[in-house]
Protein chains: 2
Amino acid sequence: MVRSAKTKRSSNSSRQIRDPEATQQQILDAAEEEFSKHGLSGARIEAIATRAGVTTAMIHYYFENKEGLYKTVLQRPATECHDVLHELNLENLPPEEALKTLIRAAIAYEAAHPRRGMLWFQEANQNQGKYFKLGNWQETFAYIIKVLERGIAEETFRQLDPFVTCIQIIGICTFYFNAHENIKHITPDVDRLSPEMIEKYTQAAVNLILAGVRA
Amino acid sequence: MVRSAKTKRSSNSSRQIRDPEATQQQILDAAEEEFSKHGLSGARIEAIATRAGVTTAMIHYYFENKEGLYKTVLQRPATECHDVLHELNLENLPPEEALKTLIRAAIAYEAAHPRRGMLWFQEANQNQGKYFKLGNWQETFAYIIKVLERGIAEETFRQLDPFVTCIQIIGICTFYFNAHENIKHITPDVDRLSPEMIEKYTQAAVNLILAGVRA
DNA sequence: GTCTATAATACGATAGAC
DNA sequence: GTCTATCGTATTATAGAC
């Protein structure tokens with residue numbers, strides 16, 4: 001079976017292949033999942049190594065120690081979220097359109113990275129956001145807040161606290177995914193992560209939020 | 001310093017006092033905090049024991065092992081949440097009033113138990129809700145869903161998916177607290193857990209949700 | 001750059017004294 | 001009912017061969 005060295009390297013078959021970038025990427029992916037589940041303190045280097053198909057020595061070679069790996073893992077979604085919002089060019093859309101676009105993008109991002117929300121909850125509750133501070137989240141939040149402020153100024157949106165509303169929007173867009181493994185036991189017959197159900201949730205979120213903020 | 005055996009027993013001063021109920025309660029409180037931060041696998045029995053002012057042997061004596069303690073910890077909020085909703089007698093209020101009452105109660109509960117939300121996120125993501133299933137959450141959710149269904153039937157609320165809206169409401173009411181330790185770094189000058197700020201958030205949540213669901 | 005082997009510590013659980 | 005002491009195992013991190 002042919003396999004590009006840049007793509008996935010399965011755990012057992014291919015050792016001793018030298019591809020530093022691929023190795024680091026595999027470690028980061030595995031670490032993101034492990035840290036999401038267990039946070040910094042609970043994550044097991046051995047588990048990350050196994051999932052990535054490398055040895056624990058490799059992890060220490062590239063990332064010094066568990067904390068170094070953790071910091072690197074947190075950085076990726078921080079910059080990604082910022083870039084996603086930046087590239088939406090929300091400032092060129094009327095407030096209602098911008099808000100709709102924003103909600104759709106946020107939920108799509110959650111659906112594409114269903115584990116990442118937990119990464120931040122772990123960080124908040126285990127480390128009091130000590131490493132969260134290192135990201136450029138203030139700027140990322142500002143994209144959302146500006147849309148709301150613009151809507152208030154134009155009187156499309158009612159008088160509301162932009163920051164508080166921003167938090168509420170993020171809560172709506174993320175809870176569905178972060179709590180999914182519990183929620184699925186409430187309605188076991190429905191696969192709420194299917195594309196159809198996610199689209200349904202997205203539409204419902206747009207409806208609730210837009211009706212909720214309109215003047 | 002006089003101290004009731006039923007109240008808190010500080011870690012270092014008072015050992016060897018026999019008060020089984022107080023001891024169990026202290027272990028449960030300490031365990032709730034530890035499990036909230038680290039989940040089942042990441043929690044340290046030693047840390048729970050220290051926080052509770054007992055030895056690890058005591059924990060094994062009362063709860064058999066870590067899993068037994070975990071199950072007992074999860075049960076408390078499950079029954080409490082159900083009871084809180086039950087005692088609100090929502091069925092006696094018109095839908096809008098019921099929804100308002102519900103939101104206020106949910107946020108007040110979160111504010112009183114700011115760690116418990118994480119307990120469920122840990123459970124969802126570490127154990128896929130295996131122990132969540134043991135609670136009576138289906139019934140608890142039903143209280144909220146019934147309010148929404150009643151509002152739709154009376155045409156006070158627009159046509160919406162009651163379950164999905166229920167999830168959205170919980171997301172709004174909980175995210176603020178679960179993510180607080182990260183959020184506080186975005187606006188470091190504001191104490192968002194002060195009574196005034198929590199009341200402000202509550203009012204904003206009522207406004208958003210009621211405007212969001214109205215016909 | 002990757003591996004094997006191992007040192008050093010941390011943790012869950014139990015036995016047995018009081 | 002509570003404590004001290006300890007066994008066995010799991011885990012992080014490093015040293016050194018290839």
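Chain naming here is simple, since letters A, B, ... match the order of the sequence lines and numbering starts at 1 in each.
- Within the structure, a side-chain polar atom (N or O) of B/Tyr62 is placed less than 4.0 Å from OP1 or OP2 of D/dT2.
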Output one line per pair: protein atom, nucleotide atom from nucleotides 12-16 of chain C, and distance, for all N/O pairs under 3.5 Å.
| from | atom 1 | to | atom 2 | distance (Å) |
| --- | --- | --- | --- | --- |
| C/dG12 | OP1 | B/Ala43 | O | 3.1 |
| C/dG12 | OP1 | B/Arg44 | NH1 | 3.3 |
| C/dG12 | OP1 | B/Ile45 | N | 3.4 |
| C/dG12 | OP1 | B/Lys66 | NZ | 3.4 |
| C/dG12 | OP2 | B/Ile45 | N | 3.0 |
| C/dA13 | OP2 | B/His60 | NE2 | 3.1 |
| C/dA13 | OP2 | B/Lys66 | N | 3.4 |
| C/dA13 | O5' | B/His60 | NE2 | 3.4 |

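- At most 12 heavy atoms of other shown residues, nucleotides or ligands fall within 6.0 angstrom of atom CD in B/Gln75.
- At C/dG1, none of the side-chain N or O atoms of A/Thr23 fall inside 4.0 Å of OP1 or OP2 (strictly under the cut-off).
- Residue A/Ile27 contributes atom CD1, which lies 14 Å from atom P of D/dA13 at whole-angstrom precision.
- Remark: P of C/dC3 and OH of A/Tyr61 are 12 Å apart, rounded to the nearest angstrom.
- Side-chain atoms of A/Tyr176 and A/Glu110 include no donor-acceptor pair closer than 3.5 Å.
- For the ring pair (Phe, Tyr, Trp, His ring centres under 6.0 Å) test with B/Tyr131, the passing option among B/Phe35, B/Tyr70, B/Trp137 is B/Tyr70; the others fail.
- Counting only distance, with no hydrogens or angles, the side chain of B/Ser36 and the backbone of B/Met118 share no donor-acceptor pair below 3.5 Å.
- Here D/dC18 presents its P atom at 14 Å from CZ of A/Arg18, a figure rounded to the nearest Å.
- At distances below 3.5 Å, not a single donor-acceptor pair connects side-chain atoms of A/Asn127 with backbone N or O atoms of A/Gly129.
- Using the six-membered ring where Trp is involved, B/Phe121 and A/Phe175 have ring planes that are perpendicular, over 60° apart on the 30 and 60° scheme.
- Remark: P of C/dT2 and CE of A/Met58 are 5 Å apart, rounded to the nearest angstrom.
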